[in-house]
Amino acid sequence: MLLMIVLGGINAYFIAFRTAIHAYDRGLLDTSLALAGQIHKSKGQLVLNLPEEAEEILLTDKFDRIFFRVVDSEGHDIDGDSRVPLPPGSPMQLSSWRYYDSIIGEMPVRVAALYTEKDGLHVTILSAETLIKRKNLLREILIGLLWPDLALGAVTFLLIWYGIRSGLHPLNDLRKQLSNRSQNDLRPIVAEDMVLEIQPVIGEINQLLKRLDESLTAQRSFVSNAAHQLRTPIAALLTQLELILRDTEGTNPSRVKAIHTSTERMAHLVHQLLTLARAEPTMSTTGQITDLDDLIRDVAERMLVKALSNGIDIGFELRPVKVLGSVLLLQEAISNLIDNAIRYTPPHGTVNVACRATDEGAVVIVEDSGKGIPEEMHAQVFERFFRIPGSAGDGCGLGLAIVRQIADQHGARVSIGRSQELGGAIVTLHFPQIQ
């Protein structure tokens, strides 16, 4: 529409401008015709018999300066201003006229040239005027055409903007509904206040959310149930193996020990799978404000036995700090961090655990004196079932994946580096401030 307004304005401008310019040119030609009526032959020569009063009237204009010149067939001036230029180009035919632009002094002018015959002698009559009226006309035409077009364009823009805004308002409401939801909220979208045209889309989205909820629920239930079902026979198997290890008469202790180790690894894997199922985004992280230092102490009590049995010195520097989240998932995340550090620290090594408040929130730091994690593998270690090639630990490659999953659910982030104090890996959990 803007393009049509512009094209229409340009077309109307040129039509109006040509019409007005033609009227001014005709006025100049009328001046030349009036001068031709005052030319007479006297003593064999043409003269302009123009009284002073008539000349003053003829040359008076409110805006422009007017000039005239009368030239005979030999090119000699009969009367007028000799600065008015003769018509350019080919000679004019008798009783014809021509319009052209020129300059008198430093003033641009428009000239009307009339070539006619008076008393058997040919004469050229030139009338010229400056362009002030024409420029004023041009400005008036532009303003007269521009303002209505600009007003029409502005009104059109406002109408289109209002129409699109009103038409897309239901989509904005839908966007707000979706943006305010967590990844755990798969409830149907409320469509009561939505316009009729968008309700089919909302219906399809609700059907998709329903199918997604059913699929994720089924997947979560399968993993959880499978892990629970496996824990009971594995626990029983471990008990039987421990009894056999106490009474090794008639058995091969090394083989039983190998079976016991493999069973422990299987039990650890089942526990990790169950933890991973709990840490899936479909699980709610709505929890309570928890003392992080007390939570770490509770986890440490369970990990001390394993650390001491491996000959590892484990130290704690816990300062009071609070976080918001699921106590169960936070315990699992910290337990995995400490367990990883113990598993990959050689005997008689050191593991340090710390927590404190920062300007951004709270941090949990776990560092060890092991070999550390190569910098090029910092991203890969968070992938499920990834283990560093050649690592001596007996992990299953799920610990850090679980930590990141739980951190994401709590709006936290995990970073890995090299410990300046112990020389091994340092893993830091950064929690946001409680709102």
Inset, instruction - Can you measure from CG (Leu330) to CD (Gln409) and round to the nearest 0.5 angstrom? - result: 10.5 Å
Inset, instruction - Mind checking salt bridge (Lys or Arg N to Asp or Glu O under 4.0 Å) for Asp291 and listing every partner two or more places apart, or none if nothing turns up? - result: Lys322
Legend entry - Charged N-O contact under 4.0 Å between Asp293 and Arg297: yes
Inset, instruction - Taking the side chain as every heavy atom from C-beta outward, state whether Pro320 and Asp294 have any atom pair closer than 4.5 Å. - result: no
Inset, instruction - Keeping the roles fixed (side chain from Arg69, backbone from Thr124), state whether a donor-acceptor pair exists under 3.5 Å. - result: no
Legend entry - Which residues share a side-chain hydrogen bond (donor to acceptor under 3.5 Å, both in side chains) with Asp64, sequence neighbours left out: Thr130, Lys133
Legend entry - Heavy atoms of other groups near Arg98 CZ, more than 12 under 6.0 Å: yes
Legend entry - Minimum-distance pair of heavy atoms, taken over all atoms of Leu422 and Thr350: CD1-O, 3.8 Å
Inset, instruction - Please report the closest heavy-atom contact between Val84 and Val111, naming both atoms and the distance. - result: CG1-CG1, 4.3 Å
Inset, instruction - Might you work through the side chain to side chain contact (heavy atoms under 4.5 Å, CB included) test for Arg175 and Leu171, ending with a clear yes or no? - result: CA-CA 6 Å; Arg175 181 190 62 80; Leu171 289 178; over 6 Å; no
Inset, instruction - Flag the pair Asp25 / Arg134 as yes when at least one side-chain heavy-atom distance between them is below 4.5 Å, and no otherwise. - result: yes
Inset, instruction - Could you tell me which residues satisfy salt bridge (Lys or Arg N to Asp or Glu O under 4.0 Å) with Glu317, sequence neighbours excluded, listed by chain and number? - result: Arg319
Legend entry - Gap separating the OG atom of Ser179 from the CG atom of Leu174, nearest 0.5 angstrom: 9.5 Å
Inset, instruction - Kindly write out the residues that satisfy salt bridge (Lys or Arg N to Asp or Glu O under 4.0 Å) with Asp213, not counting sequence neighbours, or none if the list is empty. - result: none
Inset, instruction - Indicate yes or no: at least one non-hydrogen side-chain atom of Leu292 is less than 4.5 angstrom from one of Ile334. - result: yes
Legend entry - Separation between CG of Asn340 and CD1 of Ile402, rounded to the nearest 0.5 Å: 9.5 Å
Legend entry - Donor-acceptor pair, side chain of Asp368 and main chain of Gly370, under 3.5 angstrom: yes
Inset, instruction - Sequence neighbours left out, what passes side-chain hydrogen bond (donor to acceptor under 3.5 Å, both in side chains) with Ser369? Give chain and number order. - result: none
Inset, instruction - Please name the pair of heavy atoms, one in Leu337 and one in Leu429, separated by the smallest distance, quoted to 0.1 Å. - result: CD1-CD1, 3.8 Å
Inset, instruction - Indicate yes or no for a side-chain donor-acceptor contact from Thr345 to the backbone of Ile342 under 3.5 Å, with no hydrogens or angles considered. - result: no
Inset, instruction - Compare every heavy atom of Val414 with every heavy atom of Val403, then report the nearest pair and how far apart it is. - result: CG1-CG2, 4.0 Å
Inset, instruction - For Glu214, enumerate each residue passing the side chain to side chain contact (heavy atoms under 4.5 Å, CB included) test, keeping only those at least two apart in sequence or located in another chain. - result: Lys210
Legend entry - Listed partners of Glu360 passing salt bridge (Lys or Arg N to Asp or Glu O under 4.0 Å), at least two apart: Arg413
Legend entry - Nearest atoms (heavy-atom pairs only) where Asp61 meets Phe63: OD1-N, 2.8 Å
Legend entry - Note, Arg110 side chain near Tyr99 side chain (heavy atom, < 4.5 Å): yes
Inset, instruction - Check whether any side-chain heavy atom of Trp97 lies under 4.5 Å from a side-chain heavy atom of Leu33, and answer yes or no. - result: no
Legend entry - Euclidean distance, Asp81 CG relative to Ile66 CD1, rounded to 0.5 Å: 13.0 Å
Inset, instruction - Give, for atom CG of Leu152 and atom CG of Leu159, the distance between the pair rounded to the nearest 0.5 Å. - result: 9.5 Å
Legend entry - Contacts of Ile164 that satisfy side chain to side chain contact (heavy atoms under 4.5 Å, CB included) - sequence neighbours left out: Ile160, Leu168
Inset, instruction - Any chance you could measure Leu126, atom CG, to Ser82, atom OG, to the nearest 0.5 Å? - result: 11.5 Å
Inset, instruction - Sequence neighbours left out, what passes side chain to side chain contact (heavy atoms under 4.5 Å, CB included) with Ile426? Give chain and number order. - result: Ile365, Glu367, Ser419, Thr428
Legend entry - Which residues share a side-chain hydrogen bond (donor to acceptor under 3.5 Å, both in side chains) with Thr156, sequence neighbours left out: none
Legend entry - Side-chain heavy-atom pair Asp408, Arg404 within 4.5 angstrom cut-off: yes
Inset, instruction - Using the test side chain to side chain contact (heavy atoms under 4.5 Å, CB included), find all partners of Pro374 that sit at least two apart in sequence or belong to another chain. - result: Glu376, Met377, Ile388
Legend entry - Heavy-atom side-chain proximity of Val364 to Val323 below 4.5 angstrom: no
Legend entry - Sub-4.5 Å side-chain heavy-atom contact between Tyr24 and Leu137: yes
Inset, instruction - Flag yes if more than 12 heavy atoms outside Phe14 fall under 6.0 Å of its CZ atom; otherwise flag no. - result: no
Inset, instruction - Using modelled atom types only, decide if a donor and an acceptor are shared between the side chain of His378 and the backbone of Gly417 within a distance under 3.5 Å. - result: no
Legend entry - Shortest non-hydrogen separation from His410 to Leu329 and the atoms involved: CE1-CB, 4.1 Å
Legend entry - For Arg139, all residues meeting side-chain hydrogen bond (donor to acceptor under 3.5 Å, both in side chains), sequence neighbours excluded: Asn136
